[in-house]
Amino acid sequence: MSDIRLRFAPSPTGYLHVGGARTALFNWLLARKLGGTFILRIEDTDVARSTEESVNAILEGMRWLGLEWDEGPFFQSDLFPVYREYVQKLLQEGKAYRCYCTPEELEKKRELAMAEGRKPKYDGSCRGLKEEIPDKSFAIRFRAPQDGITAFDDLVKGSISFNNEELDDLIIQRSDGTPIYNFTVVIDDATMKVSTVIRGDDHISNTPRQILLYEALGFPVPRFAHVPMILGSDKARLSKRHGATSVMAYRDMGYLPEAMVNYLVRLGWSHGDDEIFSREELVDKFTLEGIGKSAGVFNPEKLLWLNAHYIKNGDPARLAELLLPFLRERGVEPTADGPVLATVITTLQERARTMLELADGALFYYRSEVLYDEAAAAKQLTSLQYPILTAFTQRLAAWEDMTPAGIEVLFKEFCTAQGIKMGQVGPSVRVALCGVTSSPAIYDVIAVLGKDETSRRLERAISFVATQL
RNA sequence: GGUCCCAUCGUCUAGCGGUUAGGACACUGGCCUUUCACGUCGGUAACAGGGGUUCAAGUCCCCUUGGGAUCACCA
């Protein structure tokens with residue numbers, strides 16, 4: 001195992017959304033490619049906003065996508081004593097100081113500064129305080145350099161630099177004693193020996209502050225790779241109003257994890273003109289250099305296309321396993337007396353784009369009483385079809401070869417014998433067996449249903465037609 | 001508003017000084033076909049604008065414009 005160490009560090013304030021999932025994926029991919037370590041760390045220092053449900057939702061999402069972690073999950077809420085220690089160290093070294101300003105005062109100052117067109121930057125009121133003020137609550141601020149520049153060489157964006165005068169003395173510990181993100185992230189990435197930080201580029205502006213903290217603490221600064229944001233169709237940051245953003249919502253909408261992974265990786269990363277990647281290919285081909293610099297729009301259409309691709313090429317037995325819950329939702333429980341689900345799926349794969357469509361398409365195989373679509377029956381199950389349906393049913397009874405190819409021969413011979421075209425018998429049989437005008441190839445349907453069930457359904461259709469005579 | 005980031009078809013992108021600017025999704029025309037699909041062949045469609053540098057610029061530099069991010073005792 002190399003000393004490359006990557007981490008995904010979500011805050012448990014909601015489900016795993018597609019943006020976070022992609023960041024996790026990039027980290028996971030690089031760790032796997034380089035034989036490094038992938039760490040999962042839950043950033044729950046904000047006790048008020050963090051929930052256990054969110055933690056579970058995130059873990060569930062990670063597992064669904066197959067992004068297994070090597071270390072963790074670590075919880076920052078378990079590490080508070082560690083952070084306090086480092087805060088004390090900074091305090092003793094004069095690199096941090098107590099700030100007695102109240103949030104309300106600060107808020108006022110900020111508003112005033114904004115109103116006057118000045119930078120909403122901490123004015124440093126408490127920076128020069130010599131004495132501690134007893135019995136007054138205080139937060140702790142990092143004493144940041146007031147001049148000079150802080151620069152870093154971002155692995156995806158290139159070199160980025162900030163004037164230190166733009167940065168203010170950020171609070172590293174709240175007045176209630178809990179630490180703040182920009183501080184804990186530095187301590188953790190340093191103590192967990194994270195070598196490369198891959199995260200969303202909304203963190204770019206935090207980076208110089210964090211670098212200053214690394215330096216003040218005497219830690220080596222990791223490499224940074226800031227990946228672009230994912231946007232909605234209106235080019236605004238992706239949010240709920242653009243539709244589903246939770247990866248688990250996509251599972252529930254019938255998407256396969258491999259489709260989601262494939263889609264996500266191609267949103268912002270590319271390898272020439274390649275579009276389809278197996279997990280193994282991704283691990284093999286993934287590099288940070290392949291990540292683009294600009295934000296990308298989430299395109300559900302393309303995700304859908306990929307999902308269709310993976311359903312079409314998926315292993316029927318595995319798809320059958322994944323399909324079960326969707327079937328149950330529809331009140332169908334494939335049992336031993338019905339056709340084998342995996343076989344049913346082979347007839348449906350190339351016409352379903354989601355597991356939902358697959359489930360809907362499989363329904364008729366398992367319903368003992370086929371539901372006739374009104375329009376379809378009106379056209380294909382009328383008294384006109386009575387003689388043909390009857391003749392076909394009789395012919396089928398004597399037919400031996402029940403393979404799809406054999407059944408095709410049956411139809412050919414039947415048409416010849418009756419002096420009719422396929423179009424005069426096929427559609428009616430289809431509606432008799434499936435209830436609708438769009439279905440898998442009729443030869444396949446008959447082969448899967450078997451002769452008995454096919455005959456039963458034909459008889460029922462004949463009865464139905466007979467009532468119209 | 002300050003700071004930072006970004007800019008090739010509608011969308012995702014290839015391109016890393018010399019290309020008829022390629023692929024994919026979507027859209028669309030033909031073919032295949034017992035339905036619906038799949039598949040297949042083809043089509044429409046882009047270098048934001050302006051200055052440089054260079055024999056040569058989508059590729060390098062600058063400006064403009066446009067988008068985004070961030071400015072918390074959130075992460």
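Every chain is numbered from 1 and lettered A, B, ... according to where its sequence line falls, protein lines coming before strand lines. Note that these values count all heavy atoms, side chains included, but never hydrogens, waters or copies made by symmetry. Worth saying up front: this structure is predicted, and the values here are computed from it rather than measured.
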K.L.:
When rounded to the nearest Å, what value does the distance between C1' atoms of B:A14 and B:A46 take?
P.N.:
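Here B:A14 and B:A46 have their C1' atoms 13 Å from each other.
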K.L.:
Kindly say if A:Arg174 contacts the phosphate of B:A75, meaning a side-chain N or O under 4.0 Å from OP1 or OP2.
P.N.:
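A:Arg174 to B:A75 OP1/OP2: side-chain N or O found under 4.0 Å.
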K.L.:
Taking OH from A:Tyr263 and P from B:U11, how many angstroms apart are they, rounded to a whole number?
P.N.:
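Interatomic distance, OH of A:Tyr263 to P of B:U11: 12 Å.
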K.L.:
Ring centroids only, cut at 6.0 angstrom: are A:Phe8 and A:Phe38 within range, meaning strictly under it?
P.N.:
no
K.L.:
Output the single nucleotide from B:A75, B:A24, B:G22 whose closest atom is nearest the side chain of A:Glu43.
P.N.:
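That would be B:A75.
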K.L.:
Distance only, no hydrogens: is a donor on one side chain within 3.5 Å (strictly under) of an acceptor on the other, for A:Arg223 and A:Thr196?
P.N.:
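A:Thr196 and A:Arg223 do not have a side-chain donor-acceptor pair below 3.5 Å.
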K.L.:
Classify the nucleic acid contact of A:Ala308 as base, sugar-phosphate or nothing, counting any heavy atom under 4.0 Å across all strands shown.
P.N.:
nothing
K.L.:
If we take the P atom in both B:G39 and B:G58, what is their distance in whole Å?
P.N.:
36 Å
K.L.:
Quick check for you: among B:U34, B:C4, B:U70, whose closest atom lies nearest to any side-chain atom of A:Phe162?
P.N.:
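Selected nucleotide: B:C4.
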K.L.:
Taking the P atom of each, how far is B:G10 from B:U44, in whole Å?
P.N.:
14 Å
K.L.:
Look at the side-chain N and O atoms of A:Lys157 and state whether any lies under 4.0 Å from the OP1 or OP2 oxygen of B:C5.
P.N.:
no
K.L.:
Let's see if you can work this out: which of B:U11, B:C74, B:A7 has an atom nearest to the side-chain heavy atoms of A:Ser294?
P.N.:
B:A7
K.L.:
When you compare B:A57 with B:U53, how far apart are their P atoms, in angstrom units rounded to a whole number?
P.N.:
11 Å
K.L.:
With a 3.5 angstrom cut-off on both distances, give the Watson-Crick or G-U wobble partner of B:U53, or none if there isn't one.
P.N.:
none
K.L.:
Looking at B:C71, B:G68, B:G10, which one has an atom nearest to any side-chain atom of A:Asn299?
P.N.:
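Nucleotide nearest to A:Asn299's side chain: B:G10.
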K.L.:
Base, sugar-phosphate, or nothing: which does A:Pro10 touch, judged by heavy atoms less than 4.0 Å apart?
P.N.:
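If one applies the 4.0 Å heavy-atom cut-off, A:Pro10 turns out to touch nothing in the nucleic acid.
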K.L.:
Any N or O donor-acceptor pair linking the side chain of A:Asp274 to the base of B:A24 at under 3.5 Å?
P.N.:
no
K.L.:
Ignoring hydrogens and geometry, is there a side-chain-to-backbone donor-acceptor pair from A:Asp169 to A:Ala144 under 3.5 Å?
P.N.:
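It does hold such a pair.
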K.L.:
Would you indicate which nucleotide in B:A75, B:G23, B:G68 comes nearest to any side-chain atom of A:Asn182?
P.N.:
B:A75
K.L.:
So, for A:Trp269 and A:Phe26, is the gap between ring centers shorter than 6.0 Å?
P.N.:
no
K.L.:
In residues 341-362 of chain A, which ones come under 4.0 Å of RNA chain B, going by heavy atoms?
P.N.:
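A:Glu350, A:Arg351 - these, ordered by number, are the residues of the stretch whose heavy atoms sit under 4.0 Å from the strand.
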K.L.:
Could you identify the nucleotide paired to B:G58, looking across every strand shown and requiring Watson-Crick or G-U wobble geometry with both distances under 3.5 Å?
P.N.:
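WC or wobble partner does not exist here.
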K.L.:
With a non-hydrogen cut-off below 4.0 angstrom, is A:Phe411 in contact with a base, only sugar-phosphate, or nothing?
P.N.:
nothing
K.L.:
Hey, does A:Gly200 reach any base, or is it just sugar-phosphate, or nothing, if we go heavy atoms under 4.0 Å?
P.N.:
nothing
K.L.:
Would you check if the distance from the ring center of A:Phe298 to the ring center of A:Tyr263 is below 6.0 Å?
P.N.:
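Between A:Tyr263 and A:Phe298, which both carry aromatic rings, the centre distance is below 6.0 Å.
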K.L.:
With both distances under 3.5 Å as the test, what is the Watson-Crick or G-U wobble partner of B:C47?
P.N.:
none
K.L.:
Could you state the CD1-C1' distance from A:Ile291 to B:C12, rounded to the nearest angstrom?
P.N.:
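Spelled out: CD1 on A:Ile291 to C1' on B:C12 is 15 Å.
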K.L.:
Looking at A:Glu111 and A:Lys108, is there a salt bridge between them, counting it only when a charged N and a carboxylate O are closer than 4.0 Å?
P.N.:
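No, no charged N to carboxylate O under 4.0 Å.
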K.L.:
So what does A:Cys101 hit on the nucleic acid, given a heavy-atom distance under 4.0 Å: a base, only sugar-phosphate, or nothing?
P.N.:
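Base contact.
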K.L.:
Please verify the inter-ring angle class for A:Tyr181 with A:His203; under 30° counts as parallel, over 60° as perpendicular, anything in between as tilted.
P.N.:
tilted
K.L.:
Give a yes or no on whether a salt bridge exists between A:Arg241 and A:Asp234, defined as a side-chain N under 4.0 angstrom from a carboxylate O.
P.N.:
yes
K.L.:
To the nearest angstrom, how far is A:Glu166 atom CD from B:U70 atom C1'?
P.N.:
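Rounded to whole Å, this separation is 12 Å.
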K.L.:
Both distances below 3.5 Å, Watson-Crick or wobble geometry, any strand: find the nucleotide opposite B:G39.
P.N.:
B:C31
K.L.:
Look at the side chain of A:Arg430 against the base of B:U34 and say whether a donor-acceptor pair falls under 3.5 Å; ignore hydrogens and angles.
P.N.:
yes
K.L.:
Tell me what A:Thr178 touches on the nucleic acid: a base, only sugar-phosphate, or nothing, going by heavy atoms under 4.0 Å.
P.N.:
nothing
K.L.:
Which nucleotide in the set B:C12, B:A75, B:C5 lies at the smallest distance from any side-chain heavy atom of A:Ile204?
P.N.:
B:C5
K.L.:
In the strands shown, is B:A24 matched to any nucleotide by a Watson-Crick or G-U wobble pair with both distances under 3.5 Å, and which?
P.N.:
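B:U11 - that is the nucleotide pairing with B:A24, both distances being under 3.5 Å.
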K.L.:
Please state the P separation for the pair B:C61 and B:U54 - nearest whole angstrom.
P.N.:
16 Å
K.L.:
Hey, does A:Thr45 reach any base, or is it just sugar-phosphate, or nothing, if we go heavy atoms under 4.0 Å?
P.N.:
sugar-phosphate
K.L.:
Report the nucleotide, chosen from B:U35, B:A14, B:A75, that has the shortest atom-to-atom distance to any side-chain atom of A:Ser270.
P.N.:
B:A14
K.L.:
Salt-bridge test for A:Lys119 and A:Glu166: reply yes if a basic N is under 4.0 Å from a carboxylate O, no otherwise.
P.N.:
yes
K.L.:
Below the 4.0 Å mark, does B:G39 have OP1 or OP2 next to a side-chain nitrogen or oxygen of A:Lys312?
P.N.:
yes
K.L.:
Relative to the 5' end of RNA chain B, which residue comes earlier, A:Leu106 or A:Phe298, by the nucleotide with the nearest heavy atom?
P.N.:
A:Phe298
K.L.:
Are B:A75 and A:His203 stacked, with the base six-membered ring and the side-chain ring centres under 5.5 Å apart and planes under 30°?
P.N.:
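Stacked: ring centres under 5.5 Å, planes under 30°.
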K.L.:
What nucleotide among B:U70, B:C73, B:A24 has an atom nearest to a side-chain atom of A:Ser205?
P.N.:
B:U70
K.L.:
Evaluate the ring planes of A:Phe183 and A:Tyr83, with Trp represented by its six-membered ring, and classify them as parallel (under 30°), tilted (30 to 60°) or perpendicular (over 60°).
P.N.:
perpendicular
K.L.:
In whole angstrom, give me the gap between the C1' atoms of B:C27 and B:C62.
P.N.:
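The same atom, C1', in both gives a distance of 39 Å.
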K.L.:
Provide the distance between the two C1' atoms, one in B:U13 and one in B:G30, to the nearest whole Å.
P.N.:
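Nearest-Å result for B:U13 against B:G30 at atom C1': 28 Å.
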K.L.:
Name the pairing partner of B:C16, where a pair is Watson-Crick or G-U wobble with both distances under 3.5 Å, or state none.
P.N.:
none
K.L.:
Just the rounded figure in Å: distance from P of B:U35 to OH of A:Tyr372.
P.N.:
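So the OH-P distance, A:Tyr372 to B:U35, works out to 21 Å.
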K.L.:
Does NZ or CZ of A:Arg141 lie under 6.0 Å from the centre of the six-membered ring of A:Tyr122, at an angle within 45° of the ring axis?
P.N.:
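Yes; both conditions hold, so A:Arg141 lies above the ring face of A:Tyr122.
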K.L.:
So what does A:Leu267 hit on the nucleic acid, given a heavy-atom distance under 4.0 Å: a base, only sugar-phosphate, or nothing?
P.N.:
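Result for A:Leu267 = sugar-phosphate.
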K.L.:
Mind calculating the distance between CZ (A:Phe142) and C1' (B:C73) to the nearest angstrom?
P.N.:
17 Å
K.L.:
For A:Ile160, answer base if it contacts any base atom (sugar-phosphate contacts may also be present), sugar-phosphate if it contacts only those atoms, and nothing otherwise; contact means non-hydrogen atoms under 4.0 Å.
P.N.:
sugar-phosphate
K.L.:
Could you give the CZ-to-P distance, from A:Arg199 to B:A69, as a whole number of Å?
P.N.:
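That distance rounds to 17 Å.
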K.L.:
Determine the Euclidean distance between corresponding P atoms of B:C47 and B:A21; express it in Å to zero decimal places.
P.N.:
12 Å
K.L.:
Rounding to an integer number of Å, can you tell me how far A:His226 NE2 sits from B:G68 C1'?
P.N.:
15 Å
K.L.:
Compare the minimum distances between each of B:U35, B:C73, B:C12 and the side chain of A:Arg110, then state the nucleotide with the smallest one.
P.N.:
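When the side chain of A:Arg110 is considered, B:C73 is the closest of B:U35, B:C73, B:C12.
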K.L.:
State the pairing partner of B:A69; accept Watson-Crick or G-U wobble contacts with both distances under 3.5 Å, and report none otherwise.
P.N.:
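Base partner found: B:U3.
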K.L.:
Considering every strand and a 4.0 Å limit on heavy-atom distances, what is the contact class for A:Asp168: base, sugar-phosphate, or nothing?
P.N.:
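No contact.
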K.L.:
The side chain of A:Asp202 is closest to which nucleotide in this list: B:G67, B:U70, B:U34?
P.N.:
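Of B:G67, B:U70, B:U34, B:U70 is nearest to the side chain of A:Asp202.
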K.L.:
Using the six-membered ring of A:Phe138, assess whether NZ or CZ of A:Arg98 lies under 6.0 Å from its centre and within 45 degrees of the ring axis.
P.N.:
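Ring-cation test returns yes.
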K.L.:
Name the residue closer to the 5' end of RNA chain B, choosing between A:Gly272 and A:Asp46 according to the nucleotide with the nearest heavy atom.
P.N.:
A:Gly272
